[in-house]
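Have a look at the structure below before the remarks.
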Amino acid sequence: MSELAINRTDVGDLISWAQAAREVHTVATMIAKTEFVPKALQGRPDAISAAILTSREIGISPMVGLAAIDVIEGKPALNALALRGLVQSHGHEIETVEQSDTRVTVRGRRKGSEHWETSTWTMARAEKAGLAGRPAYKRMAQQMFTARATSEVCRLVGADAILGLAYSQEELRDGEEGDEVTAPPTRAKRVLQRAPAPPPPPLEPYRPAAISAPTPEPLPEPEPTPRPEPGEMEAEDAG
C-alpha cells in the first residue's frame, strides 16, 4: 500500500472518530444528570464523553466504562478488578495464589505461554514503598495488596490489552483518596457568641409643640415737643 493510501486511511479514521465523538457527546449530555453516571462525572458531559471514548478504545461497553474508569491527576485509570477482567477477556490467565491481611500473591501468564509472572505484596513491601501508613492500607490491607499485585501482573502479561491504562486507580490514589476510605470527620468551627445588644429605649409619644403668638414689636416713643425759651414767650405776649 502506498504512503498516500495510508495517509488517506489515517484521515478517514480520524474523521470517523470525530463523528463518533460528536455522537457520544450527545449521549453524554442526555445521561449527565442521571444516577447511572458516577457522582464524580454527573453534570460533566465532556468528561463523560472522554470516559466513553476511552472505553471504546479498549473494548469495554460505555456504561461499564463509566463505572470502571476514573481520571486521577489527568490520567485515565481502571480499578484493579476491571484491569483483571480486561486482560482475561484477551485470553490471558490471572489467578490469586495466596491472600491474607499480611501477604497477597497473584500470578498470570499470557495466552499460549507456559511461563508464569508473579507479584507478591506484603506489609513490609508497603512500608518500604511508604504506603503502610496510608488510610486504606490500615483499614483494608488485603484488598490494597490484592489490587497492587493484580495490577503488576496485568502489566506483565497483558500490556496489549490494557494499552494506555497501565496503572490502576488504587495505585494512582496510593490509598489516600477513594478506595472506600472514610474521610475523617470535619471539626466543627467554634462560633463566638456575642452578648445580645440592649433593646432600644421606648419611643416617647408624639406631642405637637405649642404655637405661641408672636410678640408685638414696641412702638417708637414720641419725640418731646420743644418748649419755647423765656424771651420768646415774652415777645409773643407783647404782640
Would [X] end up clustered with [Y] when hydrophobic side chains under 4.5 Å apart are linked, directly or stepwise?
X	Y	value
Leu83	Leu156	yes
Val157	Trp116	no
Phe36	Ile48	yes

Please list every donor-acceptor pair under 3.5 Å in which a side-chain atom of residues 52-63 meets a protein atom from a residue at least two apart or in another chain.
from, atom 1, to, atom 2, distance (Å)
Thr54, OG1, Ala50, O, 2.8
Ser55, OG, Ala51, O, 2.8
Glu57, OE2, Trp17, NE1, 3.3

In the structure I gave you, are the side-chain heavy atoms of [X] and [Y] within less than 4.5 Å of one another anywhere?
X	Y	result
Glu170	Thr146	no
Leu131	Met144	no
Val87	Ile162	yes

Partner set under side-chain hydrogen bond (donor to acceptor under 3.5 Å, both in side chains) for Gln19, not counting sequence neighbours:
none
Does Ser113 reach the main-chain N or O of Arg110 with its side chain, forming a donor-acceptor pair under 3.5 Å?
no
Closer than 4.0 angstrom, basic N to acidic O: yes or no for Arg109 and Glu114?
yes
Charged N to carboxylate O below 4.0 Å: is that the case for Glu98 and Arg103?
yes
Tell me, which pairs form a side chain to side chain donor-acceptor pair (under 3.5 Å) where one or both residues lie in residues 121-133, sequence neighbours left out?
Trp121-Glu152, Arg125-Glu152
Would Asp160 and His92 count as a side chain to side chain contact (heavy atoms under 4.5 Å, CB included) here? Give the steps.
CA-CA 10 Å; Asp160 56 331; His92 310 311; 3.4 Å; yes
